[in-house]
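A quick note: this is a predicted structure, and the numbers were derived from the prediction, not measured. Order of appearance sets the numbers: ligands from 1, and atoms from 1 within every ligand.
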Amino acid sequence: ADAAMVTARRTKSGFAVFDPAMEADTEGTVSLLSQLRRAVAEEQLVLFFQPKANFGSNRCDSVEVLVRWQHPDRGMIPPDQFIPFAEHTGFIREITKWVVDRSVAQVASWRRAGLYIGVSINVSARDLVYEDLPSFVGDTLLRHGLDAGWITLEVTESAVMDDPKRANEALKRLAKLGIRLSVDDFGTGYSSLAQLKRMPVQEMKIDKSFVLELPTNANDSVIVRSTINMAHSMGLEVVAEGIEDAQTWSLLQGWGCDIGQGYFLSRPLPAPQLEAWLRSRPLQMLATA
Ligand code: C2E
Ligand code: MG
Ligand code: MG
């Protein structure tokens, strides 16, 4: 059944009848797919959280949720090694549901413990087009008794470009629920400003490839400065990711960037370490940056 499903998804035909010839080229896929399925069922996926801090107030009000796979034999597997596969096979929808549910539960539990922290969750193109994401997110918030204002969804531009009409409809329904929306990896895809203008987003994340070498790369600094200005004139908040040192932090702060994220602040952390980080260091550390 999995082999037929993978073939149906790959050919976008909507259905496929199993044929033994399918097995040869889908065998690896099916085995990885069944491992991923087990990963979700047996709680092998784990959430890491990376702080984002406000350049103006130095406060850390939110974190980005980044999934990893704690594989029983292969150790910790980063998302780049299984998310694209999950997107390709359509299994991403199961992962997204799991991530959304656990992230909302985590924010609700932090609130009960007196930690007021919002989360940004990554969603894929497939989530926007095929799954009824808006009602799933709405139901999840209700189930955990959490206000939509604590959630930001990060969507890449290319996710929207796949099927702009359906994707924008999903985004509008999410926005209606009161969820913040962010354009992730800005500047890397086939950027279309016309498309961006139509998206109901409040935030733009400048891709880390423009930020990693900011102090030494004159082209990057021109791109980043003008992107900040353009985003601001469109009424968007700007997040820079991939900030690895104090110099990059200061540059972005000087250019009026709103929010910063990167190893300079902290690497992505498991929940208990993040809690310790939040309670101890952020303000002092940034005050001296
Ligand atoms: P992203 O959403 O653009 O996430 C930022 C990535 O940059 C993360 O990699 C993060 O660890 C890394 N990063 C943060 N600060 C720095 C820095 O200062 N320097 C450098 N070199 N890297 C930094 P990660 O965790 O490996 O995630 C990679 C990508 O996988 C994410 O890119 C996102 O597209 C995807 N992803 C992660 N979790 C999920 C998820 O739950 N669902 C979906 N659909 N995609 C996810
Ligand atoms: Mg992201
Ligand atoms: Mg990004």
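- For the Mg ion (ligand 2), the set of nearby N, O or S atoms under 2.8 Å includes none belonging to Ser182.
- Closest heavy-atom approach to atom 27 (O) of ligand 1 among the candidates Ser182, Pro79, Pro78, Ala125: Pro79.
- Among the backbone and side-chain atoms of Glu241, an N, O or S atom lies under 2.8 Å from the Mg ion (ligand 3).
- Within a 4.0 Å radius of atom 34 (O) of ligand 1, the protein contributes no heavy atom.
- The nearest N/O/S atom of Asp184 to the Mg ion (ligand 2) is OD2.
- Contacts with ligand 1 closer than 4.0 Å are made by no heavy atom of Ile95, backbone or side chain.
- Residue contact check: Glu241 has heavy atoms under 4.0 Å from atoms 3 (O), 5 (C) of ligand 1.
- Among Asn122, Leu212, Asp185, the residue whose heavy atom lies closest to atom 42 (N) of ligand 1 is Asn122.
- Every heavy atom of Arg267 sits 4.0 Å or more from the atoms of ligand 1.
- The shortest N/O to N/O separation between Glu244 and ligand 1 falls below 3.5 Å.
- Restricting Glu64 to its N, O or S atoms, the one at the least distance from the Mg ion (ligand 2) is OE2.
- Residue-to-ligand polar distances place Val67 within reach of ligand 1: an N/O pair is separated by less than 3.5 Å.
- In summary, the atoms of ligand 1 found under 4.0 Å from a heavy atom of Val99, numbered by their order in the structure, are 41 (O).
- Using 4.0 Å as the threshold, Lys205 has no heavy atom nearer than that to any atom of ligand 1.
- To the nearest 0.5 Å, atoms CD (Gln35) and CZ (Phe82) are separated by 12.0 Å.
- Under a cut-off of 6.0 angstrom, the local environment of CZ in Arg143 is crowded, with over 12 non-hydrogen atoms contributed by other residues, nucleotides or ligands.
- Residue Glu154: no N/O/S atom is found under 2.8 Å from the Mg ion (ligand 3).
- Residue contacts with ligand 1 include Ser124, since one of its heavy atoms falls under 4.0 Å from the ligand.
- When each atom of ligand 1 is checked for a heavy atom of Ile243 under 4.0 Å away, the hits are 18 (O).
- Neither the backbone nor the side chain of Gln261 has any atom closer than 4.0 Å to an atom of ligand 1 (non-hydrogen atoms only).
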